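Structure, as structure tokens:
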There are 2 protein chains.
Amino acid sequence: MFSAQNIGKKISEAGIKPSLQRIKIYEFLLKNNIHPTVDFIYNQLVNDIPTLSKTTVYNTLKLFEKQGLIINLIIDENEIRYDAMKNIHGHFKCDKCGKIYDFEYNHMQLEFLGLNHFNILKTELNLKGTCPECNQ
Amino acid sequence: MFSAQNIGKKISEAGIKPSLQRIKIYEFLLKNNIHPTVDFIYNQLVNDIPTLSKTTVYNTLKLFEKQGLIINLIIDENEIRYDAMKNIHGHFKCDKCGKIYDFEYNHMQLEFLGLNHFNILKTELNLKGTCPECNQ
DNA sequence: TTTATATTTGTAATCATTACATTTATGTTT
DNA sequence: AAACATAAATGTAATGATTACAAATATAAA
């Protein structure tokens, strides 16, 4: 499903040279749809690539985002998260356990008032509250 | 329109003792609907209150938020902004000039799929792109 | 006036991110 | 293959927003 070749190809198609580090980082995002932070990604991958630097993770994610391969997710202070899912969806963050859930919504029906002549490039719908597990 | 008494009363109604600092900070948010950062608020008010500490601004805004008097707005990394507008509305941030615009949207028609038994306490709709001024 | 409590203040610590210079890897030319 | 140029990765130091914490000040109560 996500072979190294496929991943490298996707990276190439985004105009990025597929180095080992870049393949591993993108692979991690594709296989783990958990909206990880930079720190989390680094800690997971440093086992695989002992020489990995956190700066590389930062640079790589910034590059991926610039080239449209992933999106970033600013849902709470002091933590940028990353998401390789490219379909439009919303994010729910549980205030108690901190887990982030994806959800679908009827974005086609959304209507914005007073944004004529605005060039909208990104839409973020973030919900907060408590998840079913924490509600019990 | 926003007299010191009215402001003090609103703060009291939120269960907060209306000190000078608290009144000035809330007054600033009410009179300037510009989604300011902590730093901006501090720099504006320190003229008025020369002994003001930035810690007080942080503490006061946190308290206001906890008591539901204001909301915070996390639309970009490294900057929490605050908003005293209590009606539901979205925020558009221009990538070029950085200005944040309010807009209305049809939130009543919004439908979330897969969030049964989730307790939704806050909804944030953030758009990004370029504003008409920067599009020219 | 004492005493207790709440609020404000200033400094130091924390932590995510960025800047920058060095090292390593990759690709090209001769 | 060697020399060179370029790109990518690395490690350390700097930045900047936020928080922790203890001391000082203000407010309220006895």
Side-chain angles (χ1 to χ4, degrees), chain A residues 4 7-8 11-12 14-28 35-67 69-82 93 98 100, chain B residues 4 7-8 11-12 14-28 35-67 69-82 93 98 100:
Chain A
I7 291 168
I11 293 174
S12 296
I16 300 167
K17 208 177 293 180
S19 68
L20 171 69
Q21 287 84 345
R22 288 167 177 176
I23 290 172
K24 289 286 187 186
I25 291 170
Y26 189 46
E27 182 183 27
F28 183 81
H35 322 88
T37 61
V38 169
D39 204 61
F40 192 84
I41 296 167
Y42 170 77
N43 282 308
Q44 295 297 306
L45 293 185
V46 77
N47 298 315
D48 240 344
I49 312 168
T51 62
L52 186 63
S53 160
K54 206 178 275 189
T55 302
T56 300
V57 182
Y58 274 103
N59 292 341
T60 302
L61 292 168
K62 271 254 157 75
L63 179 64
F64 284 176
E65 198 201 345
K66 186 162 78 82
Q67 299 300 100
L69 205 56
I70 63 174
I71 58 167
N72 77 0
L73 179 59
I74 297 167
I75 196 166
D76 251 332
E77 66 264 32
N78 275 343
E79 51 171 37
I80 303 183
R81 293 169 176 277
Y82 289 91
K93 174 162 183 175
I100 293 175
Chain B
I7 291 167
I11 293 174
S12 295
I16 300 167
K17 211 178 291 180
S19 68
L20 170 70
Q21 287 86 344
R22 287 167 178 176
I23 288 171
K24 289 286 186 186
I25 292 171
Y26 189 46
E27 182 183 26
F28 183 83
H35 322 87
T37 60
V38 168
D39 204 60
F40 192 85
I41 297 168
Y42 171 78
N43 282 308
Q44 295 297 306
L45 293 184
V46 76
N47 299 315
D48 240 345
I49 313 168
T51 62
L52 185 65
S53 161
K54 205 176 275 188
T55 302
T56 300
V57 182
Y58 274 104
N59 292 340
T60 302
L61 292 167
K62 271 254 158 77
L63 179 64
F64 284 176
E65 199 202 345
K66 188 163 75 88
Q67 298 299 100
L69 205 55
I70 64 175
I71 58 166
N72 77 0
L73 179 58
I74 296 167
I75 197 166
D76 251 332
E77 67 263 32
N78 273 346
E79 52 172 38
I80 303 182
R81 294 169 176 275
Y82 288 91
K93 175 163 185 176
I100 292 176

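Naming convention: chains lettered A, B, ... in sequence-line order (proteins, then strands); numbering from 1 in each chain. On a predicted model such as this, the values are computed, not experimentally measured, just so you know.
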Given dA7(D), dT7(C), dT9(C), which nucleotide is nearest the side-chain atoms of Ser53(B)? dT9(C)

Between P of dA16(C) and NZ of Lys62(A), the distance in whole Å: 15 Å

Whole angstroms only, please: what is the NZ-P distance between Lys66(B) and dT19(D)? 14 Å

Phosphate OP1/OP2 of dT7(C) contacted by Ser19(B) side-chain N/O (<4.0 Å): no

Whole angstroms only, please: what is the CG-P distance between Asn78(B) and dC15(C)? 16 Å

Working to the nearest 0.5 angstrom, can you tell me the gap between Asp48(B) CG and Ile25(B) CD1? 11.5 Å

Counting just side-chain N and O atoms, does Gln21(A) come under 4.0 Å of either OP1 or OP2 of dA25(C)? no

Thr60(B) or Thr37(A), whichever maps to the more 5' nucleotide of DNA chain C: Thr60(B)

Would the distance check show the side chain of Arg22(A) and the main-chain N or O of Lys17(A) forming a donor-acceptor pair, the cut-off being under 3.5 Å? yes

dT23(C) P sits how many Å from Leu52(A) CG, rounded? 20 Å

Heavy-atom count check: over 12 atoms from other residues, nucleotides or ligands less than 6.0 Å from Lys24(A) NZ? no

Atom CD of Glu77(B) to atom C1' of dA16(C): distance rounded to whole Å? 11 Å

For atom CD1 of Ile23(A) and atom C1' of dA8(D), their distance in whole Å: 13 Å

Tell me which nucleotide among dA20(D), dA6(C), dT18(C) gets nearest to the side chain of Thr55(B). dA20(D)

Atom CG of Asn59(B) to atom C1' of dT18(D): distance rounded to whole Å? 11 Å

Which nucleotide in the set dT7(C), dT8(C), dT10(D) lies at the smallest distance from any side-chain heavy atom of Thr56(B)? dT8(C)

May I have the distance from Tyr82(B) (atom OH) to dA17(D) (atom P), rounded to whole angstrom? 14 Å

Supply the atom-to-atom distance Tyr42(B) OH to Thr55(B) OG1, rounded to the nearest 0.5 angstrom. 9.5 Å

Decide, yes or no, whether a salt bridge links Arg81(A) with Asp76(A) under the criterion of side-chain N to carboxylate O below 4.0 Å. no

Quick one: label Lys17(A) by what it contacts on the DNA or RNA (base, sugar-phosphate, nothing), any heavy atom closer than 4.0 Å. sugar-phosphate

NA contact type, Thr51(B), heavy-atom cut-off 4.0 Å: base, sugar-phosphate, or nothing? sugar-phosphate

